Participant: 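Okay, here's the structure, questions in a sec.
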There are 2 protein chains.
Amino acid sequence: MKNRLEEFRSQRGWTQQELADQVEVSRQTIISLENGRYNPSILLAFRLARLFQMPIEDLFLYSPEEENHE
Amino acid sequence: MKNRLEEFRSQRGWTQQELADQVEVSRQTIISLENGRYNPSILLAFRLARLFQMPIEDLFLYSPEEENHE
DNA sequence: ATAATATGTACAGTTTACTTTACATGGGAG
DNA sequence: CTCCCATGTAAAGTAAACTGTACATATTAT
């Protein structure tokens, strides 16, 4: 799933470590999210959306077509 | 995390199995979500929100106070 | 040059979401 | 009463999210 994490983080002048600290995950987790290695848990998604003050849907861009796992 | 799954499901007259089929998970998963055994993945949350035609935030009720894992 | 900072990769380990199967219970409908 | 259906629990297994550590590289500052 695509996301706009890096965009909003650097918009605010934050490092990956600073973002990680604010939502209480490791720096590795932020890197993996930004680089699309995996999707956040819903709890982390809520924390990030809250931090950036926007709905989850604005931060994480869901598209059903990406979900073809037959 | 609290959610309103059962409420919206029975509002529509659906069984757990019918809901499970529509979002392509097992019935066990729906039971576990409804009974608060665990939280959905963000992908499943998106699928459910889409099905019920509402934002994730309306279906799954996040409260930071529940998250005290020090 | 070298020291510090920011980003990235790799890998092994833990936790949790989700599956499958099997079985229990309670409420209608015949 | 018995059959069916919806809901629930339990347990073992897999997949994916997340952690910690260690190392590489590029940029900037001293």
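Chain identifiers are assigned alphabetically (A, B, ...) following the order of the sequence lines, protein sequences preceding nucleic acid strands; residue numbering begins at 1 within each chain. Just so it is clear, the structure is predicted and the values come from calculations on it, not from any experiment.
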Participant: Measure from CZ on B:R27 to P on D:dA6 and round the result to the nearest Å.
Facilitator: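 After rounding, the reported distance stands at 10 Å.
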Participant: Between B:I31 and A:N39, which has a closest nucleotide on DNA chain D that is more 5'?
Facilitator: B:I31
Participant: What I'd like to find out is whether the side chain of A:E67 reaches to under 4.5 Å of the side chain of B:R47, using heavy atoms alone.
Facilitator: yes
Participant: Can you spot which of B:I30, B:L19, B:L48 makes a side-chain contact (heavy atoms from CB on, under 4.5 Å) with B:V25?
Facilitator: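 By the side-chain contact (heavy atoms from CB on, under 4.5 Å) criterion, B:V25 pairs with just one of B:I30, B:L19, B:L48: B:I30.
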Participant: How close or far is atom P of D:dA6 from atom CG of B:L5, stated in whole angstroms?
Facilitator: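 Spelled out: CG on B:L5 to P on D:dA6 is 18 Å.
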Participant: Check the distance between D:dA15's P and A:R37's CZ and give it to me in whole angstrom.
Facilitator: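 Distance check: A:R37 CZ to D:dA15 P gives 20 Å.
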Participant: OP1 or OP2 of D:dT19 versus the side-chain N and O atoms of A:S26: is any pair under 4.0 Å?
Facilitator: yes
Participant: Can you give the first and last nucleotides of DNA chain C, 5' to 3', that have an atom under 4.0 Å from a heavy atom of chain A?
Facilitator: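 Nucleotide range with atoms under 4.0 Å of chain A: C:dA6 to C:dA10.
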Participant: As a test of understanding, state which of A:R4, A:K2, A:R9 forms a salt bridge (Lys or Arg N to Asp or Glu O under 4.0 Å) with A:E34.
Facilitator: A:R9
Participant: Distance check needed: D:dA10 P versus B:Q28 CD, whole Å only.
Facilitator: 11 Å
Participant: Which pair of non-hydrogen atoms, one from A:P55 and one from B:E57, has the smallest distance, and what is that distance?
Facilitator: CA-OE2, 3.5 Å
Participant: For B:L43 and B:R9, find the nucleotide of DNA chain D closest to each by heavy atoms; which residue's nucleotide sits nearer the 5' end?
Facilitator: B:R9
Participant: Taking donor-acceptor contacts at under 3.5 Å, does the side chain of B:E34 reach the base of D:dT7?
Facilitator: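 A donor-acceptor contact between them is absent.
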Participant: I need the minimum non-hydrogen distance between A:E66 and A:L61, along with the two atoms involved.
Facilitator: OE2-O, 4.5 Å
Participant: Report the relative orientation of the aromatic rings in A:F52 and A:F8; use parallel for angles under 30°, tilted for 30 to 60°, perpendicular for over 60°.
Facilitator: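 If you compare the ring of A:F52 with that of A:F8, the planes turn out tilted.
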Participant: Using a cut-off of 4.0 Å on non-hydrogen atoms, how would the nucleic acid contact of B:S41 be classed: base, sugar-phosphate, or nothing?
Facilitator: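 Answer is sugar-phosphate: B:S41 comes under 4.0 Å of backbone atoms only.
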Participant: How close or far is atom C1' of D:dC18 from atom OH of B:Y38, stated in whole angstroms?
Facilitator: 18 Å
Participant: Using rotation axes that map the C1' atoms of four end pairs onto the next four (five pairs an end), what angle separates the end axes of the helix from C:dA1-D:dT30 to C:dG30-D:dC1, to 10°?
Facilitator: 30°
Participant: Over how many whole Å does the gap from A:D21 atom CG to D:dG20 atom P extend?
Facilitator: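 The distance from CG of A:D21 to P of D:dG20 comes to 11 Å, rounded to the nearest Å.
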Participant: Starting at atom CG of A:L44, determine the distance to atom C1' of D:dA16, rounded to an integer number of angstrom.
Facilitator: 14 Å
Participant: Looking at every non-hydrogen atom in both residues, tell me the closest pair between A:I42 and B:A45 and how far apart they are.
Facilitator: CD1-CB, 3.4 Å
Participant: B:E6: which residues meet the salt bridge (charged side-chain N to carboxylate O under 4.0 Å, His left out) condition with it, sequence neighbours left out?
Facilitator: none
Participant: How far apart are the C-alpha atoms of B:T29 and B:S26, what are their side-chain angles, what is the distance that settles it, and do they pass the side-chain hydrogen bond (donor to acceptor under 3.5 Å, both in side chains) test?
Facilitator: CA-CA 5 Å; B:T29 295; B:S26 68; 3.1 Å; yes
Participant: Calculate the interatomic distance between B:N35 atom CG and D:dT9 atom P; express it in whole Å.
Facilitator: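 Checked: the CG to P distance equals 5 Å.
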